[in-house]
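The model shown is predicted, which means the values in this text are computed figures rather than measured ones. Numbers restart at 1 for each chain; the letters A, B, ... are given by sequence-line order, proteins then strands.
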Amino acid sequence: MELLGNKLVRIISNTGEKLKRLSGIIVETEAYGFKDDAASHAFRGQTPRNAVMFGEAGRAYIYFIYGNHFCVNVSARPFEIEAGAVLIRALQPVEGIKCMKIFRKNSEELSLTSGPGKIGQALCIQKSLNGQDMTDRKSHIHIEVGVKPPGMIATQRIGTSKALDKKWRFVSLAKSKKGYVTNKFSSRS
DNA sequence: TCGATGATTGAG
DNA sequence: TCAATCATCGAA
């Protein structure tokens with residue numbers, strides 16, 4: 001996927017002190033489409049929550065799930081009419097690791113951002129970031145272009161029971177071996 | 001309005 | 001294997 005290897009950057013301004021910069025290399029993503037994709041939030045049409053998926057590409061789509069977790073997406077539309085987004089599932093932490101550990105309550109580096117909800121915690125993601133332009137380096141959450149990893153593989157998606165035939169989960173093979181990505185490769189039948 | 005549910009995580 | 005936990009959505 002296009003996003004793999006790029007850097008997700010989160011800038012936080014707390015207590016009026018200098019801006020803190022948290023970032024990580026994107027090592028795992030999942031794509032979600034429109035009406036042909038039953039697992040997508042956009043499947044049933046546009047709602048206030050998924051409006052970003054129908055808007056301009058390159059925006060942040062932040063949503064709250066399971067009562068506890070924030071997930072980060074980048075809106076993307078493969079073709080004019082469609083809606084869609086790419087869920088960022090895992091990062092390799094780069095900047096502000098110490099800070100992330102605080103947000104994540106002192107966990108190990110490998111498990112800091114190895115899951116969608118964990119990224120939400122580690123990067124202090126809030127709903128107010130929804131709709132931010134992620135192509136603008138001034139945004140408090142944005143993408144910086146990096147180097148594409150050599151080995152990328154596509155697998156079945158995780159965490160949803162719908163449209164399992166679509167192999168739209170993309171991971172960087174090298175990073176997955178190091179343990180930076182979610183480790184549920186086999187789903188229970 | 002009300003009830004079901006989910007692109008998850010962490011503990012048991 | 002299972003509970004936590006709540007915003008969102010669709011049906012009533």
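By the side-chain contact (heavy atoms from CB on, under 4.5 Å) test, A/Val94 pairs with A/Ser23, A/Ile25, sequence neighbours left out. Judged as a ring-ring contact (aromatic ring centres under 6.0 Å, His included), and not counting sequence neighbours, the contacts of A/Tyr63 are A/His41, A/Tyr61. Residues passing the ring-ring contact (aromatic ring centres under 6.0 Å, His included) test with A/Phe70 are A/Phe64, sequence neighbours excluded. Legend: residues meeting side-chain contact (heavy atoms from CB on, under 4.5 Å) with A/Ser40, ordered by chain and number and at least two apart, are A/Tyr32, A/Asp37, A/Ala42, A/Met53. Listed by chain and number, the residues in a side-chain contact (heavy atoms from CB on, under 4.5 Å) with A/Gln121 are A/His69, A/Arg104 (sequence neighbours excluded).
Close to B/dG10, at under 4.0 Å from its OP1 or OP2, lies a side-chain N or O of A/Arg104. A close approach under 4.0 Å does occur between a side-chain nitrogen or oxygen of A/Lys118 and OP1 or OP2 of B/dG10.
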Below 3.5 Å is the cut-off: list the nitrogen or oxygen pairs between protein and nucleotides 3-7 of chain B, distance only.
| unit_1 | atom_1 | unit_2 | atom_2 | d |
| --- | --- | --- | --- | --- |
| B/dG6 | N2 | A/Tyr66 | N | 3.3 |
| B/dA7 | OP1 | A/His41 | NE2 | 2.9 |
| B/dA7 | O4' | A/Tyr32 | OH | 3.2 |
| B/dA7 | N9 | A/Tyr63 | OH | 3.3 |
| B/dA7 | N7 | A/His41 | NE2 | 3.0 |
| B/dA7 | N1 | A/Asn73 | OD1 | 2.2 |
| B/dA7 | N3 | A/Tyr63 | OH | 3.1 |

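Judged as a salt bridge (charged side-chain N to carboxylate O under 4.0 Å, His left out), the pairs with a partner in residues 24-35 of chain A (not counting sequence neighbours) are, in order, A/Glu28-A/Arg89, A/Glu28-A/Arg169, A/Glu30-A/Arg89. Sorted by first then second residue, the salt bridge (charged side-chain N to carboxylate O under 4.0 Å, His left out) pairs that include residues 106-134 of chain A, not counting sequence neighbours, number zero.
Side-chain contact between A/Ile143 and A/Thr135: absent, with no pair of heavy atoms (C-beta onward) separated by less than 4.5 Å.
Within 4.0 Å (heavy atoms only), A/Lys105 reaches no atom of the nucleic acid at all. Counting any heavy atom pair closer than 4.0 Å across all strands shown, A/Arg157 reaches no nucleic acid atom.
One interatomic measurement links the two molecules: CG of A/Asn68 to P of C/dT5, which rounds to 7 Å at whole-angstrom precision. Spacing between atom CZ of A/Phe43 and atom P of C/dC9 amounts to 15 Å, rounded to whole angstrom units. The CZ atom of A/Phe70 sits 10 Å away from the C1' atom of C/dC6 (whole-angstrom rounding). What separates CD1 of A/Ile125 from C1' of B/dT8 is a distance of 15 Å, to the nearest Å.
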>> Let's test your reading of the pairing rules: Watson-Crick or G-U wobble, both distances under 3.5 Å, then write DNA chain B as a dot-bracket string with ( ), [ ], | and dots.
In response: ||||||.||||.
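Side-chain contact, A/Gln92 with A/Lys175: a donor N or O sits under 3.5 Å from an acceptor N or O.
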